[in-house]
Amino acid sequence: MDLYLAIKHIFPSVQVDKDFVLLDKSDGKGPYIAVWNLDAPRPTEEELQAAWEACLEAEANKPPAEPDELEQLRKELADTKAALEDANGKLKTAGEETTNVQLALAEMYEQLLALKEGNPNG
């Protein structure tokens, strides 16, 4: 349990080192409330544990944060890159189709010239 966050959940406006002081004896038991200067009664272990669980639940249910400006720019860049790659593929396909049409027109032109000259076989 994060004792500081549990206390802040119960008393949102408290100030650490003014309204309360947390200490840790480094004995493996973790921090404890060493000083309590609030008019409200010191929370029990059960109240602190419930507040900590409420903090975890609130964090789990919090909507995803809006992407920061750099992340938004990265997304826009990725979208632009994908659009350019798509356009490039379409241009390549159009170029290949244009080449095929030009070859077909050249063949038809040669056939017309051959017909005009009276040589139907080309």
Side-chain angles (χ1 to χ4, degrees):
M1 161 177 39
D2 186 323
L3 190 55
Y4 170 77
L5 290 177
I7 293 170
K8 287 292 280 185
H9 186 78
I10 298 170
F11 305 101
S13 62
V14 295
Q15 296 176 7
V16 71
D17 294 332
K18 177 183 176 213
D19 296 322
F20 67 98
V21 175
L22 300 178
L23 292 180
D24 190 338
K25 293 181 183 177
S26 298
D27 58 1
K29 295 181 181 178
Y32 66 97
I33 301 171
V35 176
W36 188 257
N37 293 327
L38 290 174
D39 290 335
R42 182 184 297 211
T44 65
E45 281 298 316
E46 293 79 20
E47 291 171 325
L48 291 168
Q49 186 61 42
W52 173 239
E53 290 170 9
C55 284
L56 293 176
E57 184 177 337
E59 186 65 28
N61 294 329
K62 188 166 61 170
E66 291 292 319
D68 64 5
E69 187 176 354
L70 181 58
E71 197 57 40
Q72 184 65 31
L73 289 172
R74 284 186 181 138
K75 183 186 179 318
E76 289 175 13
L77 181 60
D79 292 347
T80 301
K81 180 181 177 188
L84 285 172
E85 288 171 351
D86 183 54
N88 189 40
K90 288 177 181 176
L91 283 172
K92 183 178 179 185
T93 300
E96 291 168 356
E97 290 174 0
T98 300
T99 299
N100 290 337
V101 168
Q102 287 173 334
L103 290 173
L105 286 173
E107 185 178 324
M108 288 172 58
Y109 179 73
E110 289 174 5
Q111 289 175 356
L112 283 173
L113 285 178
L115 284 173
K116 185 177 177 184
E117 295 175 359
N119 182 0
N121 294 327

Would you compute the distance between atom [atom1] of [X] and atom [atom2] of [Y] and round it to the nearest 0.5 angstrom?
| X | Y | atom1 | atom2 | value |
| --- | --- | --- | --- | --- |
| Tyr32 | Glu45 | OH | CD | 13.0 Å |
| Asp86 | Lys90 | CG | NZ | 4.5 Å |
| Asn61 | Glu59 | CG | CD | 9.5 Å |
| Glu76 | Glu71 | CD | CD | 11.0 Å |

Can you list the other members of the hydrophobic cluster that holds Trp36, where links are side-chain heavy atoms under 4.5 angstrom apart?
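Listed partners: Met1, Leu3, Tyr4, Leu5, Ile7, Ile10, Phe11, Val14, Val16, Phe20, Leu22, Ile33, Leu38, Leu48, Trp52, Leu56.
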
Examine Val35 and Leu23 and state if one hydrophobic cluster contains both, with Ile, Leu, Val, Met, Phe, Trp and Tyr joined whenever side-chain heavy atoms are less than 4.5 Å apart.
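Val35 clusters together with Leu23.
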
For Glu53 and Gln49, does a side-chain donor sit closer than 3.5 Å to a side-chain acceptor?
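Yes, Gln49 and Glu53 have a side-chain donor paired with an acceptor closer than 3.5 Å.
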
Please name the pair of heavy atoms, one in [X] and one in [Y], separated by the smallest distance, quoted to 0.1 Å.
| X | Y | result |
| --- | --- | --- |
| Glu47 | Thr44 | OE1-N, 2.7 Å |
| Ala51 | Ala6 | CB-O, 3.5 Å |
| His9 | Ala54 | NE2-CB, 3.4 Å |

Can you establish whether the number of heavy atoms outside Asp39 located under 6.0 Å from its atom CG is more than 12?
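No.
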
Please step through side-chain contact (heavy atoms from CB on, under 4.5 Å) for the pair Asp79 and Lys75, ending with a clear verdict.
CA-CA 6 Å; Asp79 292 347; Lys75 183 186 179 318; 3.0 Å; yes

With distance as the sole test, does Asp19 use its side chain to make a donor-acceptor pair with the main-chain N or O of Gln15 at under 3.5 Å?
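Checked: pair present.
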
